[in-house]
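Single-structure report; data block below.
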Amino acid sequence: MTEMTCGPHEIAHLCQTYASQGFRLQTMIATDERQIRGAYVLRYVFIHDATCQGVVLETTVPHDSPHYTSVTAKVPAANWYEREAQDLLGLVPDGHPEPLPLVLHGELAAASNPYPLRKDVDRAVTLPPVSRSLSIQARPQRPDGEFEVPVGPIHAGVIEPGHFRFHVRGEDVESVDVTLFYTHRGLEKCAERLTFGEGLAVAEQACGVCSASHGAAFAQAVEAICDAQIPERAMWIRLLVLELERLYNHIGDVGNICAGIGFSFGVMQAGILKEKLQRHNALITGHRFLRNMIAIGGVARDVPSDVAVRTGHAVQETMSAFSDLVTVLLSHEIVCDRFRQTGILTADVVRQYGVIGPAARASGYLADARLTQPSGAYRDNEVQAILEVPTFPEGDVMARVSQRIEETYISAKLIGLAVAKLHSLRTTASVAALTTPMVTPAPYQWALGVTESPRGENVHFVMAGPNGTIDRLRIRSASYANWPAVAKAVPGNIIADFPLINKSFELCYACCDR
Amino acid sequence: MWSLIRHRLTTSIATEPLEELWSHGATEEPDPLLVQWKQTICRGPFFGSLHIRHVDTGSCNACEWELTALLNPIYDAQRLGIDFVASPRHADILVVTGGVTRNLAQALELTHEATPNPKAVLAIGACACGTGLLGQTYAQRGTALDSGIPVLVTVAGCPPTPPEILRGLLHIMTILNQGGLTHGHGTTAI
């Protein structure tokens, strides 16, 4: 990965140079390195998905006047990263088109914000409570006939909190404002000063349903810092776990999307399949959400050959039931009618905002971390041969559903391959043989760990501190990258289709908010 | 449409008997909570029906998925009269998941206010029970337990499994049927 350094006011221009060549902003990490380098540091990480080239553009922001030229005006994908750095570290992006608070809600004047991610601030520092007025403000600037519909943060279903403000004219949505970060828990601050092992547990807490891919991304980052190779059997177990995670998520999501149109047959049938897969998860890993399986340097427990073979059979059975369900779904006129031409995400928006995962692939943009930045068993030739990830050009709900359906078949094939490999490799008696011991890295080395979660690429930035601790963890989940795109897919649709569009992206709030 | 009908006709009933959910094949003894619940189901103010409003106060989404799983055909919590409702105004109890974040503290307070009396709160998952991994941070002051809202029952686990959550719900129904709210009830851990 190429690294380049420039001044705080040249960074915008440099980022634009790369963005204009087709590079995608993968993440941006703001760190407080005043004690080491006497300044704050910003790292903009770009990747070129077609050529798999990566570049890190670094700039220092002076501690006495923490200002830099905003990249957002040139690269819209940088919007949230810069606002987050402003909230949590007090770094001001000059010329940002929308410099509003993001992560910390409420009217938090600069004087009352201690900037919790700064190193000299305690992790449990008290911030003033948030108090919102519930009365809807009349907005005189709204044109005649346009109304505002506020929804959330507590929703009607069993879902996570977010606030949506629809501007509607009749049934048609003109635009929607999304306020997230209600479930911001301060996970990254929590991880500081913990050991890598403890940090892994925190990383898995980022998201309930992508625990394994978050854990694996974190572990990969640590392994890259320590320059460690994980044992072969552990690599295949990781692949098995990551693909099982994709499978139960995708099948559950296809069911949830049916809930968006009130098609309860699909919800219930997919619910049965998801439940069976989750029970199988518990059988293999001891946890229905595949937690505590990944370890730094390998995996925490073995998947014995006989369990692996049973997993293979269970997945085959599930897939045959799922393919029956898909036949019913896609031959149902009402389902197809509601899915087609709804919530179109254009390829332009995908490029501009750095959308990733199934959402990007369903709009014709092929970005998959398993292809562009494979690690462990994903580098295997047989795996790469199976990974013929399709794309759909339409970008509507139907495309996103079809994308997930196609990907479940690929996951099932990968699981079959992993099962065969685990069966042929000798079962190890001791768990110690499934992890590589880590050396204590020199402080302030950093690395990125990238995995493809069911929702897209998860990027973990880990910087080591002294004595094998974490100095900085930055989690960029797939949902964080994709949420801004949801608002772009809604205008032009009727308000009743919003739940459907939202579910077709199926983003998490928790791993976005952290 | 024909494929849908055929699929329905050829799919057997997926719902598992309640006794099986908790037995895990280990014991032949019926769950005492289940016996008690069956005995009191049709007596008392809740008549075997419990309407829930879920409030996510900063969960990681795992507890939500397990709550949703209660409605799948395998657990089918609706057979016990348990259902999720869209508004706190329609709810008998609130189910809280996650430690209370700074950004959601007011939402929890207002949702609790909006729920009609008699009402109770069930806290689900380690974070909501105060034993979560994260603890206090700048963004998360504490849990529903120390927010001044009376929590009647807690269900630990990260996340608790659907049968465990169901046990918590049965327990809260039993307490409510026994008039637990009028006599001032402490917090029970399941």
Side-chain angles (χ1 to χ4, degrees), chain A residues 103-106 114 116 121-127 129-132 134 153-154 156-161 181-187 189-190 201-202 205-209 211 252 265 267-269 271-272 274-276 278 282 288-289 291 324-325 327-328 331-333 508-511 513, chain B residues 1-8 10-11 14 52-75 84-88 95 97-99 101-108 110-111 114 127 132-141 158-159 161-162:
Chain A
V103 177
L104 302 178
H105 289 183
V121 176
D122 184 63
R123 66 172 250 177
V125 65
T126 311
L127 302 180
V130 184
S131 173
R132 298 176 187 83
L134 285 192
I154 309 292
V158 185
I159 46 171
E160 304 178 77
F181 298 91
Y182 281 91
T183 61
H184 179 63
R185 294 161 284 165
L187 219 70
K189 185 77 179 178
C190 268
V202 172
Q205 289 277 327
C207 181
V209 292
S211 295
F265 171 82
V267 185
M268 293 299 162
Q269 295 297 325
I272 297 175
K274 191 186 96 185
E275 176 65 27
K276 285 186 175 160
Q278 280 196 273
R288 283 165 58 88
F289 294 91
R291 274 190 194 157
D324 286 351
L325 173 61
T327 313
V328 177
S331 62
H332 200 284
E333 264 178 57
C508 299
Y509 300 66
C511 65
D513 305 354
Chain B
M1 186 49 118
W2 287 115
S3 56
L4 190 152
I5 293 168
R6 196 185 61 219
H7 198 287
R8 279 206 168 149
T10 53
T11 310
I52 305 168
R53 177 77 285 253
H54 162 247
V55 187
D56 177 345
T57 56
S59 152
C60 72
N61 203 14
C63 291
E64 279 68 49
W65 275 48
E66 295 298 50
L67 278 173
T68 315
L70 284 180
L71 298 179
N72 75 29
I74 292 181
Y75 298 112
F84 292 90
V85 290
S87 164
V95 166
T97 54
T101 64
R102 173 178 172 269
N103 292 345
L104 279 165
Q106 192 195 12
L108 173 63
L110 294 175
T111 310
C127 301
L133 186 75
L134 300 180
Q136 280 207 346
T137 67
Y138 64 90
Q140 184 171 285
R141 298 311 305 169
C158 188
T161 60

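All values below come from the heavy atoms of this structure, side chains included, with hydrogens, waters and symmetry mates left out. So you know, we letter chains A, B, ... as the sequences are listed, proteins then strands, and number each from 1.
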Any idea which of [options] has the most non-hydrogen atom pairs under 4.5 angstrom with chain B?
options	answer
Lys276(A), Glu275(A), Met268(A)	Glu275(A)
Val125(A), Asp122(A), Val103(A), Val267(A)	Val125(A)
Gly252(A), Pro161(A), Gly271(A), Ala206(A)	Pro161(A)

Thr137(B) and Arg123(A) side chains, donor-acceptor separation under 3.5 Å: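 No - no donor-acceptor pair under 3.5 Å links their side chains.
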Look up atom OG1 in Thr101(B) and atom NE2 in His184(A), then write down how far apart they are to the nearest 0.5 Å.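 The NE2 atom of His184(A) is 9.0 Å from OG1 of Thr101(B), to the nearest 0.5 Å.
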Taking every heavy-atom pair that is under 4.5 Å apart, which of Gln136(B), Gln140(B), Arg53(B) has the most such pairs with chain A?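 That would be Arg53(B).
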Name all residues meeting the side-chain hydrogen bond (donor to acceptor under 3.5 Å, both in side chains) criterion together with Thr97(B); count only those two or more places apart in sequence or in a different chain, and write none if there are none.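 Applying side-chain hydrogen bond (donor to acceptor under 3.5 Å, both in side chains) to Thr97(B) gives His54(B), Glu64(B).
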Please enumerate all residues that pass side-chain hydrogen bond (donor to acceptor under 3.5 Å, both in side chains) together with Thr57(B), with sequence neighbours excluded.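 Residues passing side-chain hydrogen bond (donor to acceptor under 3.5 Å, both in side chains) with Thr57(B): none at all.
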[X] versus chain A, the contacting section by heavy-atom distance below 4.5 Å:
X	result
Val95(B)	neither
Leu133(B)	side chain
Leu108(B)	neither
Arg141(B)	side chain

Which bit of Val121(A) is near chain B, if near means a heavy-atom gap under 4.5 Å: side chain, backbone, both or neither?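 For Val121(A), no heavy atom lies under 4.5 Å from chain B.
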